[in-house]
Amino acid sequence: VEFWNETVDGLCRSGNFQAAIQYVSKLHAGGFSSNMVTYNMLLGALCKAQRLEAASKLLDEMVYSGCMPTLSLWNSLIDAFCKAGETAAALQMFSKMRSGGGSPDKLTFSSVTHGLCKKGKLAEANRFVEDMRKDKIAPDILLWCVLIEALSVIGNFDEALEVTSRMASDGCFPDVATYSILIKGLCRANRVNDAMRLLDEMHANGLCPDEVINTAILTSLFRAGREDEAIKRIDKLAASGYRIT
RNA sequence: CCUGCGG
């Protein structure tokens with residue numbers, strides 16, 4: 001088995017999925033059965049390559065033959081489907097995971113929530129987060145950010161900020177990425193002044209804006225015809241040793 | 001060891 005796994009691993013690494021799958025089914029036809037390692041490798045590779053049709057086929061075969069994916073493989077699978085916008089399929093896997101005795105973790109929930117949010121299914125996403133709490137899993141900053149991002153893309157900044165403070169009262173404090181989501185959203189909505197207010201708040205919290213934030217602010221200042229202010233900021237950034245592009 | 005957030 002170890003030898004086949006090496007072979008499968010090699011084929012996957014060189015992008016030869018078709019060959020890897022054929023190789024495995026040939027072994028099966030010869031009466032050999034693969035183990036979890038084989039499936040995990042092959043499926044992990046298929047996820048990365050976004051060969052989702054092949055992945056779900058293989059998943060069914062795997063489960064049918066009595067092998068359950070590991071937690072991280074479930075997460076890779078579910079996330080791959082979410083990223084492809086296939087949230088329905090992802091949710092099916094989620095239930096398959098549960099019925100197979102698997103316990104979703106915060107990554108699983110976060111991937112699905114992210115997928116639902118990207119599809120604009122905010123209500124469903126929130127329900128999902130409720131389920132997660134029922135599972136005694138506390139949202140972490142990454143999950144909060146997913147929700148904040150979803151609100152901010154629909155321009156609902158009031159609620160996005162409310163979620164931000166709820167998260168802080170939960171002991172999760174906004175980080176640079178959190179601010180980035182909010183600031184970029186505000187810039188997109190041409191609310192540069194509000195964005196700069198958040199920038200100040202961020203400084204007050206001892207956080208330093210990164211390039212993502214700086215370029216968002218600068219480009220929207222330019223877009224608003226406020227080049228004088230933009231230039232001033234660029235000078236200030238340059239003075240503090242920032243590289244300007 | 002492989003899997004989740006802004007860019």
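Scope of the values below: all heavy atoms of this structure, side chains included, with no hydrogens, waters or symmetry mates. Chain letters run A, B, ... following the sequence lines, proteins first, then strands; residues in each count from 1.
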side-chain hydrogen bond (donor to acceptor under 3.5 Å, both in side chains) against A:Asn190, all qualifying residues, sequence neighbours excluded:
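side-chain hydrogen bond (donor to acceptor under 3.5 Å, both in side chains) list for A:Asn190, sorted by chain: A:Arg223.
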
Partners meeting side-chain hydrogen bond (donor to acceptor under 3.5 Å, both in side chains) with A:Lys83 (sequence neighbours left out)
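Only A:Asp79 meet the side-chain hydrogen bond (donor to acceptor under 3.5 Å, both in side chains) criterion with A:Lys83.
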
What is the nucleic acid contact for A:Ser72, judged by heavy atoms within less than 4.0 Å: base, sugar-phosphate only, or nothing?
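Touches a base.
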
Using a 4.0 Å heavy-atom cut-off across all strands, classify A:Ile181 as base, sugar-phosphate, or nothing.
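Touches sugar-phosphate only.
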
Base of [N], side chain of [X] - is there a donor-acceptor contact under 3.5 Å?
X        : N    : value
A:Ser180 : B:G6 : yes
A:Asp105 : B:G4 : no
A:Asp210 : B:G6 : yes

Using the side-chain heavy atoms of A:Val176, tell me which of these nucleotides is nearest: B:G6, B:U3, B:G4.
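Of the options given, the side chain of A:Val176 lies nearest B:G6.
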
Among B:G7, B:G6, B:G4, which nucleotide has an atom closest to any side-chain atom of A:Glu211?
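For the A:Glu211 side chain, the nearest candidate turns out to be B:G7.
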
Think A:Lys83 has a side-chain N or O under 4.0 angstrom from the OP1 or OP2 of B:C5?
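True: A:Lys83 side-chain N/O within range (under 4.0 Å) of B:C5 OP1/OP2.
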
Is the side chain of A:Asp210 donor-acceptor paired with the backbone N or O of A:Val212 at a distance under 3.5 Å, no angle test?
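At least one qualifying donor-acceptor pair exists.
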
Using whole Å, report how far OH of A:Tyr179 lies from P of B:G6.
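My rounded result for the distance is 19 Å.
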
